[in-house]
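Everything below concerns the one structure shown next.
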Amino acid sequence: MDLIVARNREDLVKARRAGTVALVPTMGALHEGHRSLIRQARVRADQVVVSVFVNPLQFSPNEDFSRYPRTFDADLDVCREEGVAAVFHPAPEDMYAPDRQVSVSSGEMGRIVEGAARPGHFDGVLTVVLKLFHLVRPDLAVFGQKDAQQLALIRRMVADLDLPIEILGAPTVREPDGLALSSRNRFLSADDRRVALALSRALRAGAAQLTAAEIRETARAVLDEAGPDLDLDYLALVDPATFAEVGENHVGMAVLAVAARVGATRLIDNVTLTLNTP
Ligand code: PAF
């Protein structure tokens, strides 16, 4: 079947076929990580819809909205290769009325960790994701674990607003040297890229420790070794569901999350680990 490109709600209605639908929301610039989300979606649903929309609401004025990579033709090739049924690619003016008033609040959980570094970001993410859910009406949706707080907040939104959609998380895909795949990696110079490896190195070193204190200390030391070319935003050891910092005696699952600027590029990464020893 030919790939359908839907630009609006009417096109989406026409594209709909019988059977289950999985949505993979993206901002385009698709890479191997997105391919793995699509593959996971294909295993679980009859049709996969990929949305490609660089959502202005989740960027603050000082962020990289205009610089964010837009590679729509290449994205369509990826979707064709991966057997996607339809790509939803709306224009910003069709998504957001100029006089729109109502949006989703991500609450306190959207204002900590990544949300503290990017005020308003998660309100913008949840607003667009809720709109995509209403427009595409999927049975399930797949998001990457790389954006762990985003995934946790989407699960919260689905629970708190009783949305009849199953949310699947897909593991982070990495380069052989450990760098987490990201659409923003293309902006890294060779030197930046070497510095950026400190993020995954810090997470690995942290994850090899036993206690919360050792994990924080070890990961921080690796980040410090990277020197002034790595501008750390945060290193946080948090509860995977709430993103609240875990205590020093925490036992059970935790997410070690990091965000840093390397050159002009902001990168995030995380690892999920289990603490057994208080
Ligand atoms: O993870 C992303 O690419 C975006 O935040 C999403 C979920 C597509 C919403 O714009």
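Note that ligands are numbered from 1 as they come in the structure, with each ligand's atoms numbered from 1 the same way.
Counting heavy atoms from C-beta outward, Leu256 and Leu273 have side chains that approach closer than 4.5 Å. Put simply, the side chain of Leu188 reaches to within 4.5 Å of the side chain of Leu179, judged on heavy atoms. For the pair His34 and Val78, the minimum side-chain heavy-atom distance is 4.5 Å or more.
At the shortest separation from atom 9 (C) of ligand 1 among protein heavy atoms lies Gln58 OE1, 3.3 Å. If you check which protein heavy atom lies closest to atom 3 (O) of ligand 1, you get Met27 CG, 3.7 Å.
Checking Lys131, Gln150, His34 against atom 5 (O) of ligand 1, the nearest heavy atom belongs to Gln150.
Close approach of ligand 1 to Val128 (heavy-atom distance below 4.0 Å) involves ligand atoms 9 (C), 10 (O). Applying the 4.0 Å criterion to heavy atoms of Pro25 picks out, from ligand 1, the atoms 8 (C). Listed by number with element, the atoms of ligand 1 under 4.0 Å from a non-hydrogen atom of Thr26 are 8 (C).
Residue pairs meeting the salt bridge (charged side-chain N to carboxylate O under 4.0 Å, His left out) criterion with at least one member in residues 144-154: none, sequence neighbours excluded. Listed by first and then second residue, the salt bridge (charged side-chain N to carboxylate O under 4.0 Å, His left out) pairs that reach into residues 22-36 are Glu32-Arg35, Glu32-Arg39, Arg35-Glu81, Arg35-Glu82, sequence neighbours excluded.
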